[in-house]
Every structure is written in C-alpha cells, then in structure tokens.
Amino acid sequence: MSQKQLPPVKVRDPTTGKEVELTPIKVWKLSPRGRRGVKIGLFKSQETGKYFRAKVPDDYPETG
DNA sequence: TTAATTGT
DNA sequence: ACAATTAA
C-alpha cells in the first residue's frame, strides 16, 4: 500500500496567533445526527509545543 | 472529567 | 445543544 503523506493544512495557531501550515496528527468528523458537521484536526504547535484543534477542509481524508 | 474545536 | 477526540 502506498502510504501518501497528508498535505499540510493552513490553520490559525491559537497559541501564537499566527497562520501556519501543519499536518494534523489525527482527523475526524464532528457532526450531530442529521446535521452536516465539520472535520476537525488535532495539531501540535511547532512554536509552543501546545496541542490544539481546528477545522480542516471537508474533503480532507480522515485518519485512523 | 473537562475544555476546546465548527456549523446547523 | 450536539457530535468525536484527546491533552491536560
């Protein structure tokens, strides 16, 4: 199986306030039943080492 | 156990 | 309010 690395996402790093490109550690769908919901990624700030969550594009692949 | 994430 | 996820 060719393991393609996921592309970085442009997100606002809430710990620095800067917009950065980061590859999410994990991605999942967050949606109530019967509603559309959003995809969420778990990220780790390079600047501060702090974890944060942010929306990722709807077409971004989910990770296991 | 809670905070925080986004859009309906 | 509600969905899943996980660091703190």
Side-chain angles (χ1 to χ4, degrees):
Chain A
M1 317 313 200
S2 54
Q3 296 280 24
K4 185 178 295 180
Q5 55 174 350
L6 300 174
V9 181
K10 286 202 172 187
V11 289
R12 180 74 51 181
D13 180 344
T15 68
T16 61
K18 296 174 180 170
E19 182 126 351
V20 289
E21 284 202 353
L22 288 177
T23 300
I25 295 159
K26 183 156 189 174
V27 175
W28 65 95
K29 179 133 90 170
L30 177 62
S31 42
R33 300 176 195 169
R35 280 165 266 181
R36 177 172 166 57
V38 292
K39 272 194 182 174
I40 299 294
L42 174 68
F43 299 88
K44 190 174 194 175
S45 170
Q46 290 186 307
E47 295 271 342
T48 66
K50 299 295 290 184
Y51 286 90
F52 64 92
R53 289 155 181 78
K55 176 188 172 14
V56 303
D58 287 338
D59 60 342
Y60 202 88
E62 294 181 39
T63 64

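No experiment lies behind these values; they were computed from the predicted model shown. Quick note: numbers below take in every heavy atom, side chains included, and nothing from hydrogens, waters or symmetry partners. Residue numbering restarts at 1 for every chain, and letters A, B, ... go by the order of the sequence lines.
Nearest heavy-atom pair across A/P24 and A/G41 is CB-CA, 4.3 Å. Of all heavy-atom pairs between A/S31 and A/G37, the closest is CB-CA, 3.5 Å. A pairwise comparison of heavy atoms in A/A54 and A/V11 identifies CB-CG1, 4.0 Å as the closest pair.
Connection of A/L22 to A/V9 is established within a shared hydrophobic cluster, with ILVMFWY side chains joined at heavy-atom distances below 4.5 Å, either directly or through further cluster members. Cluster membership check: A/F52 does not share its hydrophobic cluster with A/W28, using side-chain heavy-atom separations under 4.5 Å among Ile, Leu, Val, Met, Phe, Trp and Tyr.
In the 5' to 3' direction, nucleotides of DNA chain C lying under 4.0 Å from heavy atoms of chain A begin and end at C/dA1 to C/dA8.
Remark: the backbone N or O of A/F43 is not paired with any side-chain donor or acceptor of A/R53 at under 3.5 angstrom. A/K39 places a side-chain N or O within donor-acceptor distance of the main-chain N or O of A/Y60, the cut-off being under 3.5 Å.
Shown for residues 10-27 of chain A: no residue has heavy atoms falling under 4.0 angstrom of DNA chain B. Looking at residues 49-60 of chain A, you'll see A/R53, A/A54, A/K55 sit with a heavy atom under 4.0 Å from some atom of DNA chain B.
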Kindly indicate, with the supporting measurements, whether the criterion side chain to side chain contact (heavy atoms under 4.5 Å, CB included) is fulfilled by A/R36 and A/D58.
CA-CA 10 Å; A/R36 177 172 166 57; A/D58 287 338; 2.4 Å; yes
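Along DNA chain B, the nucleotide nearest A/L30 and the nucleotide nearest A/R36 are compared for position; the residue whose nucleotide lies closer to the 5' end is A/L30.
With values rounded to the nearest 0.5 angstrom, A/I25 atom CD1 is found 12.5 Å from A/L6 atom CG.
In this structure, A/E62 places its CD atom where more than 12 heavy-atom neighbours from other residues, nucleotides or ligands lie under 6.0 Å away.
Residue contacts shown for A/K39 are absent, as no nucleic acid heavy atom lies under 4.0 Å away.
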